[in-house]
Amino acid sequence: MANIAIDAIKEVTYDAIVIGSGISGGWAAKELTGKGLRTLVLERGRDVKHIVDYPTTVTNPWEFEHRGQLPLEIREQNPIVSKCYAFYEGTTHFFVKDAEHPYVQEKPFDWIRGYQVGGKSLLWARQTQRWSDFDFEGPARDGFAVDWPIRYADLAPWYSYVEKFAGISGNKDGLATLPDGEFLPPHEWNCVESYFQKQVAGHYKDRHVIMGRAAHITKPQPIHFQQGRAQCQHRTICERGCPYGGYFSSNASTIPWAAKTGKMTLRPNSVVHSIIYDEKKGKAVGVRVVDATTHKMMEFYARIIFVNAAALNTNLVLLNSTSSRFPNGLGNDSGVLGKYVAFHNYRARISGEYDGMLESTTDGRRPNSPYIPRFRNVYKQEMDFLRGYAAGFSAGRMSHTNQDGIGASLKANLVKPVLDGWYVGSHMMGETIPKESNFVALDSNLKDPFGIPQLRISVGYDDNDDKMVKDYIEQMTEMFTIAGFKNIKATDSKQAAGLDIHEMGGVRMGKDPKTSILNKWNQMHACKNVFVTDGACMTSTSTQNPSLTYMAMTARAADYAVKEMKKGTL
Amino acid sequence: MKRRAALKNVAVAFGGLVSLPAWAENWNERSVSLSSSYFSPKESVLLAEVAETIIPVTDTPGAKELGVHNFIQKIVADCMDKKNQEFFSSGLAAVDTAAQKKFTKSFASCDTGQRISVLNEMEASPDQKGFYSMVKGLTIRGYLTSEYVMTNLTHYEMVPGHYYGCVPVSPKK
């Protein structure tokens with residue numbers, strides 16, 4: 001009998017467990033299996049296999065039942081996810097519907113989620129900029145949150161490591177604010193974008209317009225062919241899944257790579273309830289999982305656990321992992337777990353027109369656009385708000401058709417598009433300041449369909465964000481005016497926090513266990529065999545799209561964890 | 001290009017290593033068929049004739065042949081709220097009423113000139129121009145997003161394979 005019990009436990013025991021298979025979980029799976037660890041990857045959603053589970057990847061526009069438009073019933077049942085720009089008839093299957101995982105909005109918060117193998121890595125906007133020391137030094141210099149326990153030098157080699165594998169296109173711009181990486185060739189500029197770049201460079205010493213660095217394979221290297229990935233074909237319907245693996249996703253890249261080692265067990269439909277803490281051993285020993293199909297609770301065991309459930313769900317899992325030692329959530333001696341959540345301020349955008357260069361246009365499509373790195377408060381505090389914003393920028397030409405009249409003349413006109421002049425547009429990506437009052441917590445009564453407490457989200461803007469919106473609009477208006485753009489229109493959408501899909505923090509890194517949860521290795525101060533390397537670990541948000549930093553941190557933490565295991569300290 | 005053919009090209013791009021998934025087997029341009037019967041057969045015929053009047057057959061197919069009325073029916077049935085659905089239905093009924101009043105016959109029995117005159121009067125009427133602009137907008141959208149137009153006339157490219165930032169405007173554009 002005893003032997004049977006031991007065998008049964010052995011069957012559910014691994015060297016490592018990774019919670020989540022999105023952009024950071026996929027990297028944890030790849031790194032840990034690559035270093036020989038038998039790794040269980042738990043994914044709460046269904047399996048999505050590369051190519052075969054992308055049902056709309058080659059669907060033509062006319063083949064969609066409503067030609068792309070969402071039926072009213074879907075919009076009415078899903079007021080939250082329907083706000084997401086990427087949620088349409090071709091992508092509904094990759095998004096969490098509102099009723100699937102309810103939560104409480106103490107302040108308006110649009111929580112956009114993708115529960116499937118690959119998570120939101122199928123859906124992301126693929127912008128990949130490195131952080132610099134201007135970002136890592138921010139909280140200490142400006143006196144908010146806590147000092148980051150790492151600097152650029154700690155992460156730089158890991159940025160290189162993940163960039164080479166993922167495939168990042170970009171130009172070596174030599175900017176101190178946005179370090180260069182291991183780049184495949186950059187995407188092309190169009191005439192008006194180049195013109196704007198020169199105008200900005202001519203008027204401002206500290207403002208730069210560069211081509212966005214993006215996770216698209218513009219020139220495949222052997223490492224990409226080894227993954228079965230090919231060159232980006234500029235379809236720009238990435239969010240439906242790419243049959244070429246032209247952009248980076250867990251599904252196209254890290255998950256199949258981990259599977260090839262023979263060391264990975266991927267378990268979809270596994271909703272993690274909590275992490276099991278062993279009071280005697282003084283460490284985590286496994287995880288409790290609700291099987292999404294049977295609703296049965298199961299346990300799995302491992303020596304180390306990587307939590308990559310996506311920022312707010314990582315908070316949820318840790319808050320729900322209570323024990324005598326940690327009554328307020330795993331690793332939460334400091335009481336800061338769930339607090340200091342921040343995000344990116346995407347509220348403002350600006351548009352205009354340019355009436356020059358009418359002899360030129362563009363051909364084809366580009367899954368990327370130019371980027372303006374942060375220029376406010378970089379070298380010193382100079383504005384009446386903290387930190388700053390980066391901006392996306394793009395130009396292009398659209399066409400219109402004459403739709404007057406009726407009958408044969410209308411019909412003939414409809415297929416004779418008339419090329420318009422150039423439009424220009426930009427949107428802001430502002431840093432928000434992590435505050436104790438921006439937090440998530442477990443609701444004491446409400447449960448989700450799996451019996452797990454619902455998350456209460458209390459995260460919103462403040463005065464600093466309003467000032468930044470105002471400054472972005474003023475500065476971009478000035479830059480557009482200098483470039484001679486006309487009909488300039490700026491808007492503040494006042495969109496709720498969360499719709500940026502860059503929620504971060506709650507399980508922050510820091511030097512002091514009294515004020516942070518994780519150390520410089522993304523390792524829990526108080527529970528050394530648990531690592532958190534998704535957005536939850538972020539001490540501050542800066543302005544860069546965060547996924548590349550999660551990838552680099554994950555690879556670095558996995559390397560550290562395995563070395564420590566070999567030393568016998570874990 | 002049919003979807004299976006498109007997928008085959010994808011497979012070729014990979015050196016033919018990719019086997020086609022099961023869901024690619026049953027694809028063809030008719031797989032998206034009309035399941036809804038939101039409008040009565042009579043309304044359906046009327047809608048088809050209205051759409052055909054807006055975009056008629058010439059040396060290329062018109063709205064009716066391209067099934068634009070089926071697309072409109074789908075949108076009205078599935079994507080509009082009740083208020084707009086009722087607005088659309090009563091607008092459609094008003095087309096026949098106007099034809100009866102003006103020409104003492106149904107809209108479908110009117111000749112092209114008579115039909116256009118009915119719709120032009122609706123466009124000019126403060127009470128009815130809302131419906132007319134709705135049905136015209138949907139007809140144009142259904143036409144421009146039809147397989148025939150996108151493949152033969154506007155040449156939709158699913159896989160451009162490139163982005164050139166600065167090219168001269170070609171005379172045909």
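Computed from a predicted model, the values in this text were never measured in an experiment.
Between chain B and the residues A:E188, A:R365, A:E76, the largest count of heavy-atom pairs under 4.5 Å involves A:R365. Between chain A and the residues B:T53, B:I140, B:T154, the most heavy-atom pairs under 4.5 angstrom are made by B:I140. By number of non-hydrogen pairs under 4.5 angstrom with chain B, the leading residue of A:G396, A:C232, A:S360, A:G246 is A:S360.
When heavy atoms are compared at a cutoff of 4.5 Å, A:Q231 does not approach chain B at all. Both the backbone and the side chain of B:T58 come within less than 4.5 Å of a heavy atom of chain A. For B:T60, the parts lying near chain A are the backbone and the side chain together; criterion is any non-hydrogen pair under 4.5 Å. Heavy atoms closer than 4.5 Å to chain A are found in the side chain of B:L144, but not in its backbone. In this structure, the portion of B:V57 lying under 4.5 Å from any heavy atom of chain A is its backbone and not its side chain. With a threshold of 4.5 angstrom between heavy atoms, A:I74 does not approach chain B through any atom at all. In this structure, the portion of A:L410 lying under 4.5 Å from any heavy atom of chain B is its side chain and not its backbone.
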### Message
Please evaluate residues B:D78 and A:H66 with respect to the criterion side-chain hydrogen bond (donor to acceptor under 3.5 Å, both in side chains), reporting the C-alpha separation (whole Å), side-chain torsions for both, the decisive distance (0.1 Å), and the verdict.
### Response
CA-CA 8 Å; B:D78 297 343; A:H66 305 93; 2.6 Å; yes
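A donor-acceptor pair is defined here as one N or O able to donate and one able to accept, closer than 3.5 Å; no such pair exists between the side chain of A:T91 and the backbone of A:F94. With hydrogens and angles disregarded, a donor-acceptor distance shorter than 3.5 Å links the side chain of A:N368 to the backbone of A:G212.
In this structure, B:R115 satisfies the cation-pi test against B:F107, with its NZ or CZ atom closer than 6.0 Å to the six-membered ring centre and inside 45 degrees of the ring normal.
In this structure the side chain of B:I55 never reaches within 4.5 angstrom of the side chain of B:V68, judged on heavy atoms.
Counting only residues at least two apart or on different chains, the side chain to side chain donor-acceptor pair (under 3.5 Å) pairs with a member in residues 130-145 of chain B are A:R67-B:T145, A:Q69-B:R141.
Applying side chain to side chain donor-acceptor pair (under 3.5 Å) to B:E121 and the options B:K129, B:Q128, B:K102 leaves one that passes, B:K102.
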